[in-house]
Peer 1: 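Please find one structure pasted underneath; my questions will follow.
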Amino acid sequence: MIEAHNLTKSYGTVQALRDVSFSLHEGEIVGLLGPNGAGKTTTIKILTGYLQPDSGEVRIDGLDVLTQTRAVQQRLGYLPESAPLYPELSIQRYLQMMADLREIPADEQTERISEAVYATNLTDHLTRPIGELSKGFRQRVGLAQAILHRPKLLILDEPTIGLDPTQILDIRRLIQRLARHSTILFSTHILSEVEALCDRAIIVLNGEIKADARLSELASTADAILVLQDRVSGLEKELGKLSGVRGLEPMRSQDGYPAYRILGTQKADLCPSIYDLARAQAWPVRELRRDAKTLESVFNNLVTSA
Ligand code: ATP
C-alpha cells in the first residue's frame, strides 16, 4: 500500500530525513514513532504529496505520489497535525465543502457525509459551528473529512496530540474501527499509543529509521525466565549444557520462589529445550517464559545509543 524508497529531505542546513525507506501492506496499522523533531511530519507530508523530497520515491497503491497525485489523493485520507478547519462553518457545511473539493458527485454526497459522521460519532452534532467544538470533537471532524471519499489508506499525523485522556481513548477506539476498512499509518511520540493500536512500529530518530518491526519482535529477547518451587542443585551446570545458553543470572525471588534469567546467545526461543530438560531432571518448575522488554526500554535504548 505504501512503498517509500530512500527519502531524503533538508530544510536549509537541517537534514530532516536521511535515506528513509519502508513499506506498509494492505490491512496493517502501523505507528510511526519518534520524539519531537525526529522527522515524522516531514515523512508524512512527503507520503501525502504535500512536500517534495530532495531525493527518493513514494508509491501509494502502486502509483507515484509526485506524478500521479490526483489518483493517489483518491486512495488516501490524510489528517494533518493541525487540520485546517473553518471555525465559522457548521460540521455539515464543512464536510459538504470537503466533499465538493474531493469531487464527490452531488448525488452521492449525502450518503458519504452520513457514513463519515456515523463512523466518527458526529451524527447528533452536524449543525454545531466548528469554532465551538472541543479539540477532541475537532479531531473527529478532521477524521470525518479524511474518510469522506472511502480511502483505502489513512495517514494520521499525531491524531491524539493535545487531547485529554477521555478524548484520547475516544480517538483510539475510532482509529481501531476505521482500521477494519483501511490501512492506517499514524505518527505519535506516545509509546502507549503504539502499544494500544499497532501491529508494527517504525521508530524514527534524527531523520533515520532505527527500528521497523512487529511489536512482539521488538520486545523479544534471547533470554528466558525460570521460576522454581524450590532451589535445585546442578541447575547452572545442566542448563549450561544446552545449546544457545550462555549463562544463568539469579533474579530477585518472585513471591518468595527462586527465579533465574537464563541468558541466550541468539534470539531463538530457549523455552522448549529448557522445558524438556526440566522434565528430565524433575525440577519443580512454577513458571517458564521468554523474557520480554517493554517498548519503553527498546525506545529508550535507541534514543540513548543514537
Ligand atoms: P514533532 O513531533 O515535534 O512534530 P516531527 O518528528 O514531526 O516532530 P518534523 O516536523 O518532521 O519532526 O521535523 C524534523 C526536523 O526538521 C526538525 O529538526 C525540525 O525543526 C525541522 N523542520 C521541520 N519543518 C521545517 C521547516 N519548515 N523549516 C525548517 N526546519 C524544519
Side-chain angles (χ1 to χ4, degrees), residues 2 4 16-17 20 22 24 27-48 50 77-85 119-121 133-147 153-180 182-221 292-306:
I2 298 180
L17 293 188
V20 163
F22 63 91
L24 226 77
E28 278 191 304
I29 170 159
V30 174
L32 186 63
L33 178 66
N36 291 128
K40 305 181 295 293
T41 298
T42 303
T43 305
I44 281 182
K45 283 185 178 164
I46 291 173
L47 295 179
T48 51
Y50 284 83
Y78 171 37
L79 177 71
E81 201 172 6
S82 40
L85 300 175
T120 50
N121 280 337
L133 301 176
S134 67
K135 188 145 194 324
F137 263 90
R138 275 189 230 174
Q139 280 305 75
R140 287 204 236 162
V141 178
L143 282 167
Q145 69 73 27
I147 60 173
L153 172 67
L154 273 173
I155 298 187
L156 317 173
D157 198 357
E158 307 237 18
T160 62
I161 198 163
L163 302 186
D164 71 32
T166 315
Q167 292 168 331
I168 288 176
L169 284 180
D170 190 37
I171 295 293
R172 277 188 198 163
R173 274 196 286 267
L174 184 50
I175 293 173
Q176 274 163 334
R177 275 211 304 279
L178 297 175
R180 290 185 208 145
S182 306
T183 305
I184 297 186
L185 176 74
F186 72 94
S187 71
T188 182
H189 58 271
I190 305 168
L191 295 161
S192 58
E193 196 120 295
V194 172
E195 280 169 329
L197 290 172
C198 297
D199 311 316
R200 180 154 74 93
I202 298 174
I203 300 181
V204 54
L205 284 174
N206 299 329
E208 281 180 279
I209 293 185
K210 296 290 184 188
D212 176 355
R214 298 182 70 77
L215 296 192
S216 52
E217 281 168 46
L218 281 173
S220 75
T221 73
K293 291 176 282 191
T294 61
L295 186 57
E296 191 177 358
S297 70
V298 173
F299 187 72
N300 286 339
N301 283 344
L302 289 171
V303 171
T304 47
S305 60

Peer 1: Would you mind reporting whether Ile44 and Tyr78 have side-chain heavy atoms less than 4.5 Å apart?
Peer 2: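 Yes; the side chains approach each other to less than 4.5 Å.
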Peer 1: How far apart are the C-alpha atoms of Ile2 and Ile155, what are their side-chain angles, what is the distance that settles it, and do they pass the side-chain contact (heavy atoms from CB on, under 4.5 Å) test?
Peer 2: CA-CA 11 Å; Ile2 298 180; Ile155 298 187; 4.2 Å; yes
Peer 1: Provide the closest heavy-atom pair for Leu17 versus Gly39 in the form atom of the first, atom of the second, distance.
Peer 2: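 Scanning both residues, the minimum pair turns out to be CD2-O, 3.6 Å.
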Peer 1: Find the distance between CZ (Phe186) and CG (Asp157) and round it off to the nearest 0.5 Å.
Peer 2: 11.5 Å
Peer 1: Could you tell me whether Asp170 and Arg140 have a side-chain N and a carboxylate O separated by less than 4.0 Å?
Peer 2: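 Salt bridge between Asp170 and Arg140, a charged N being under 4.0 Å from a carboxylate O: yes.
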Peer 1: How close do Thr120 and Leu174 get, heavy atom to heavy atom, and via which atoms?
Peer 2: CA-CD1, 3.8 Å
Peer 1: To the nearest 0.5 angstrom, please state how far the CG atom of Leu163 sits from the CD1 atom of Ile171.
Peer 2: 6.0 Å
Peer 1: Suppose we screen for side-chain contact (heavy atoms from CB on, under 4.5 Å). Which residues come up paired with Arg172, at least two apart in sequence or across chains?
Peer 2: Ile168, Leu169, Ser192, Glu193, Ala196, Leu197
Peer 1: Grab the two heavy atoms, one from Ser187 and one from Pro159, that are nearest each other, plus how far apart they are.
Peer 2: O-CD, 3.5 Å
Peer 1: Starting at CD of Gln167, measure out to CD of Gln139 and round the result to the nearest 0.5 Å.
Peer 2: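 It is 9.0 Å, given to the nearest 0.5 Å.
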Peer 1: Give me the atom names and distance for the closest heavy-atom approach of Ser297 to Lys293.
Peer 2: OG-CB, 3.5 Å
Peer 1: Taking only residues two or more places apart in sequence, or in another chain, which ones meet Phe22 in a ring pair (Phe, Tyr, Trp, His ring centres under 6.0 Å)?
Peer 2: none
Peer 1: When rounded to the nearest 0.5 angstrom, what distance separates CD1 in Ile184 from CG in Leu24?
Peer 2: 10.0 Å
Peer 1: Checking Ser182 side chain against Leu153 main chain: does a donor-acceptor pair fall under 3.5 Å?
Peer 2: no
Peer 1: Inspect the surroundings of CZ in Arg177 and state if more than 12 heavy atoms from other residues, nucleotides or ligands are less than 6.0 Å away.
Peer 2: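 Buried by this count: over 12 neighbours within 6.0 Å.
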Peer 1: Considering non-hydrogen atoms only, spot the tightest contact between Thr48 and Lys45 and give its length.
Peer 2: OG1-O, 3.3 Å
Peer 1: List in chain and number order the residues that pass salt bridge (charged side-chain N to carboxylate O under 4.0 Å, His left out) with Glu81, two or more places apart in sequence or in another chain; answer none if no residue qualifies.
Peer 2: none
Peer 1: Would you say that Leu154 contacts Leu79 through its side chain, given a criterion of any heavy-atom pair below 4.5 Å between the two side chains?
Peer 2: no
Peer 1: Can you tell me how far apart NZ (Lys210) and CD1 (Ile203) are? Round to the nearest 0.5 Å.
Peer 2: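 Result: 11.0 Å between the selected atoms.
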Peer 1: State the NZ-OG1 distance between Lys40 and Thr188, to the nearest 0.5 angstrom.
Peer 2: 7.5 Å
Peer 1: Only one of Val298, Asp212, Val194 forms a side-chain contact (heavy atoms from CB on, under 4.5 Å) with Leu218, so which one is it?
Peer 2: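 In the set Val298, Asp212, Val194, the residue that makes a side-chain contact (heavy atoms from CB on, under 4.5 Å) with Leu218 is Val298.
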Peer 1: Would you say that more than 12 heavy atoms from the other residues, nucleotides or ligands in this model lie under 6.0 Å from the CD of Glu296, or not?
Peer 2: no
Peer 1: I need the minimum non-hydrogen distance between Asn36 and His189, along with the two atoms involved.
Peer 2: ND2-ND1, 4.4 Å
Peer 1: Within the side chain of Lys135, is there an N or O that forms a donor-acceptor pair under 3.5 Å with the backbone of Ile161?
Peer 2: yes
Peer 1: Is there a donor-acceptor pair closer than 3.5 Å between any side-chain N or O of Arg138 and the backbone N or O of Leu133?
Peer 2: yes
